[in-house]
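Every chain is numbered from 1 and lettered A, B, ... according to where its sequence line falls, protein lines coming before strand lines.
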Amino acid sequence: MKYPEFPDDVTYTPIGEILSSRVKGNVKLRGWIYRTRSSGKLAFVIIRDSTGIIQCTVSKNNVDKSDFVNAGKALVESSVVLDGLVVADERAPGGFEIRATSFNVVHFAEAFPITKDQSDEHLLNNRHLWLRSRNMVSALKIRSTVFKAFRDYWQNLDYTEIQSPSFTTSACEGGSTLFNVHYDDETEKSGQKFYAHLSQSWQLYAEASMFGLENIFTVAPSFRAEKSRTRRHLTEFWHAEVEAAWTHNHQMMEFEEGMIVYIIKKVLEENRSELEQLGRDISVLENIKAPFDKMKYEEVIDKLNSMGFDLAWGDDFGYKEEKALTQNLKSPVYITNFPREKGFYHRPDPSDPKSLVCHDLLAPEGYGEIIGGGERVWSPDELVERIREEGLEPESYGWYLDIRKFGSVPHSGFGLGLDRTVSWICGSDHIKHVIPFPRTMRRTTP
RNA sequence: GCCGCUGUAGCUCAGUUGGUCAGAGCAUCCGGCUGUUAACCGGACGGUCAUCGGUUCGAAUCCGAUCAGCGGCGCCA
């Protein structure tokens, strides 16, 4: 490709500003061809940039001959720079069009592999190109707002953002979902290859970091080798986690409630057009109100059984149960006091030791669990007991047990699935639609 | 880990009981059209029917294995 000269001292108008009537008259546009069709004397070229799409008419009589030829020849996704006059015209999608006075193709695209006939598999194989689509762009803008809102909320509460390693050697969510890594094939320790695995959660590191900073949060990928093939699972997902010293479960739940309301508020402020593009029913988001309902696990069991399920104490809620519970809700709902067969770091309830001081938050409309959190075991002896109870070996948690020996304190925290949250806010039918390059058990490319 | 499904042209698919079954639409290319809304009209290009093996006079079609992928369950965020 021969690179054309591209001036760096020219002001270009974002398409969104034209569509919102903020700009009139002659403009310079740059972007990519979204759709195109031409006749002998008039070409209709729809241009997109990150802010919107607008129709551009290129008439043989109004531009240089070569510009007209190029406008007719350039395929979808060709990059272009053009001059033209903004005209309100009902025949144009969006109500405005550009009557071009010049039309320059910066790069002629090859035939774009994604056309109107699409399948899931093809779009996933071509995700590197599908990221240009209007729905992807909308979802990713909302995602960006959600990430920022999460950070802002906790920073405003004087929490400190910190980072934990992704390579670790200790499991905190059960060993069956660990990704093992050949960390260093050359090095052998005790006669074995030196291995590591990818972090399932920052939990253990958070509890170590908390003793210095007290109130902390992180945004990081977590990795789980779950063989899950559902609309809610990824093997690499973005995990927003919070941990706070001197804090009880019910206090953390109140913070979380405020966080969810804040995130929704920010998306409504900044991403209305993206929500519309995705076909989201915005009133559903506007009706989310705190305080959220709170139910104990045993109450949920009773309620589900009254709805026709057949559950006993200790049973887990599957997707069907969660859906039955949440599909008619307007706001998320908390479930607390789960049975103690959960992570070993959760603290049993002193007044009811068969259950834990913990909570999940389920999103409405059947989206299900987006938060898991609770109070942690803070007594060193009880922690060793709990590790044994889960069939694990305390010896492999050396440093984690060590942090309990020096001024242990009550503390609570939670993990929020950011991708699930975005999926819910977008009203997406699959979590893969809201992350740029989704990772599942069967896909690590592109 | 369990259940189900798919693989035919660049894309989306049709192809009946095994026998003119190598097909369509879209895309691309060529030609036509001054208002199109992923336009329309005419023409051209395009396939080792996922791979390997088997059954058969004959396989896209039946059988087996392999590979790739999709949907769902369980578990989780």
Undergrad: Taking the C1' atom in each of B:rG54 and B:rC11, what is the distance between them to the nearest angstrom?
TA: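 That atom pair is separated by 33 Å.
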
Undergrad: Compare the minimum distances between each of B:rC11, B:rC76, B:rG72 and the side chain of A:His122, then state the nucleotide with the smallest one.
TA: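 Nearest nucleotide to the side chain: B:rC11.
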
Undergrad: Does A:Asp310 CG have over 12 foreign heavy atoms under 6.0 Å away?
TA: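 No, not enclosed.
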
Undergrad: Taking the same atom, P, in B:rA77 and in B:rG7, what whole-Å distance lies between them?
TA: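 After rounding to an integer number of Å, I get 37 Å for this pair.
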
Undergrad: Please state whether the phosphate of B:rC73, meaning OP1 or OP2, lies under 4.0 angstrom from any side-chain nitrogen or oxygen of A:Lys323.
TA: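 So the side-chain polar atoms of A:Lys323 never come under 4.0 Å of the phosphate oxygens OP1 or OP2 of B:rC73.
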
Undergrad: Which one is paired to B:rU20, where only Watson-Crick or G-U wobble pairs with both distances under 3.5 angstrom count?
TA: none

Undergrad: Starting from P on B:rC76, measure out to OH on A:Tyr367 and report it in whole angstrom.
TA: 22 Å

Undergrad: Could you check which nucleotide pairs with B:rC2 in any of the strands shown, counting Watson-Crick or G-U wobble with both distances under 3.5 Å?
TA: B:rG72

Undergrad: So which atom in A:Ser102 and which in A:Val63 form the shortest heavy-atom distance, rounded to 0.1 Å?
TA: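 Closest approach of A:Ser102 to A:Val63: N-CG1, 3.9 Å.
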
Undergrad: Sort out the partner of B:rG46 for me: Watson-Crick or G-U wobble, both distances under 3.5 Å, none otherwise.
TA: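 Because no pair has both required distances under 3.5 Å, B:rG46 counts as unpaired.
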
Undergrad: Provide the distance between the two P atoms, one in B:rA14 and one in B:rC73, to the nearest whole Å.
TA: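 Approximately 25 Å lies between the P atom of B:rA14 and that of B:rC73.
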
Undergrad: Could you give the CZ-to-P distance, from A:Arg229 to B:rU6, as a whole number of Å?
TA: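 Distance, rounded to whole Å: 15 Å.
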
Undergrad: Looking at B:rU51, which nucleotide sits across from it as a Watson-Crick or G-U wobble partner, both distances under 3.5 angstrom, or is there none?
TA: B:rA65

Undergrad: B:rA59 and B:rG72: how far apart are their C1' atoms, nearest whole angstrom?
TA: 33 Å

Undergrad: Is there a donor N/O on one and an acceptor N/O on the other, under 3.5 Å, for the side chain of A:Arg443 and the base of B:rC70?
TA: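 Absent.
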
Undergrad: Show your working on side-chain contact (heavy atoms from CB on, under 4.5 Å) between A:Tyr159 and A:Val242 and close with a plain yes or no.
TA: CA-CA 9 Å; A:Tyr159 279 59; A:Val242 173; 3.6 Å; yes

Undergrad: Could you measure between the two P atoms, the one in B:rG64 and the one in B:rG47, and give it in whole Å?
TA: 31 Å

Undergrad: Can you tell me how far C1' of B:rG1 sits from CZ of A:Arg224, to the nearest Å?
TA: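 Taking atom C1' of B:rG1 as the reference, CZ of A:Arg224 is at 18 Å.
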
Undergrad: With a 4.0 Å cut-off, would you call A:Glu390 and A:Arg386 a salt bridge?
TA: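 Looking at A:Arg386 together with A:Glu390, the answer is yes, because their closest N to O distance falls below 4.0 Å.
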
Undergrad: Can we say A:Asp152 and A:Lys266 salt-bridge, meaning some charged N sits less than 4.0 Å from an Asp/Glu carboxylate O?
TA: no

Undergrad: Restricting to non-hydrogen atoms, name the atom on A:Thr51 and the atom on A:Lys141 that form the minimum distance, rounded to 0.1 Å.
TA: CA-NZ, 4.3 Å

Undergrad: Pairing check on B:rC11: which nucleotide meets the Watson-Crick or G-U wobble criteria with it, both distances under 3.5 Å?
TA: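 B:rC11 is paired with B:rG25.
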
Undergrad: With a 4.0 Å cut-off on N to O distance, would you call A:Arg48 and A:Glu77 a salt bridge?
TA: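 Judged by the 4.0 Å cut-off on N to carboxylate O distance, A:Arg48 and A:Glu77 do form a salt bridge.
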
Undergrad: Mind checking the P distance from B:rG42 to B:rC33? Whole angstroms is fine.
TA: 16 Å

Undergrad: Partner lookup for B:rA39, please. Criteria are Watson-Crick or G-U wobble with both distances under 3.5 angstrom; report none if nothing qualifies.
TA: none

Undergrad: Once you round it to whole Å, what is the distance between C1' of B:rC76 and CG of A:Leu198?
TA: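 The distance from CG of A:Leu198 to C1' of B:rC76 comes to 17 Å, rounded to the nearest Å.
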
Undergrad: Judged by each residue's nearest nucleotide on RNA chain B, which is more toward the 5′ side, A:Thr440 or A:Gly372?
TA: A:Thr440

Undergrad: Which one, B:rC11, B:rC73, B:rG69, comes nearest to the side chain of A:Glu121?
TA: B:rG69

Undergrad: State whether A:Glu270 and A:Lys148 are salt-bridged, where the test is any N-O pair (Lys NZ or Arg NE/NH1/NH2 against Asp/Glu carboxylate O) under 4.0 Å.
TA: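 Looking at A:Glu270 and A:Lys148, the cut-off is not met.
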
Undergrad: Rounded to whole Å, how long is the line connecting atom CZ of A:Phe112 with atom P of B:rG10?
TA: 18 Å

Undergrad: Quantified in whole Å, what is the C1' atom distance between nucleotide B:rG15 and nucleotide B:rU61?
TA: 9 Å

Undergrad: Just the rounded figure in Å: distance from P of B:rA77 to CD of A:Gln203.
TA: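 That distance rounds to 10 Å.
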
Undergrad: Quick one about A:His122 and A:Ser119 (side-chain donor to acceptor, distance below 3.5 Å, no hydrogens or angles considered), yes or no?
TA: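 Side-chain D/A pair, A:Ser119 to A:His122: absent.
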
Undergrad: Under 4.0 Å, heavy atoms only, any strand: does A:Arg232 hit a base, just the sugar-phosphate, or nothing?
TA: base

Undergrad: Among B:rU28, B:rC73, B:rC76, which nucleotide sits nearest the side chain of A:Asp316?
TA: B:rC76

Undergrad: Using whole Å, report how far CG of A:Asp315 lies from P of B:rC76.
TA: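 These atoms are roughly 12 Å apart.
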
Undergrad: Could you give the distance separating B:rC49 and B:rU6 at their C1' atoms, to the nearest angstrom?
TA: 14 Å

Undergrad: Do the side-chain N or O atoms of A:His430 get closer than 4.0 angstrom to the phosphate oxygens (OP1, OP2) of B:rC70?
TA: no

Undergrad: Base, backbone or nothing for each nucleotide of nucleotides 29-42 of chain B, written B, S, -, heavy atoms under 4.0 angstrom, 5' to 3'?
TA: S---BBBBBBB---

Undergrad: In whole angstroms, how far is the C1' atom of B:rC75 from the CG atom of A:Leu234?
TA: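 After rounding, the reported distance stands at 15 Å.
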
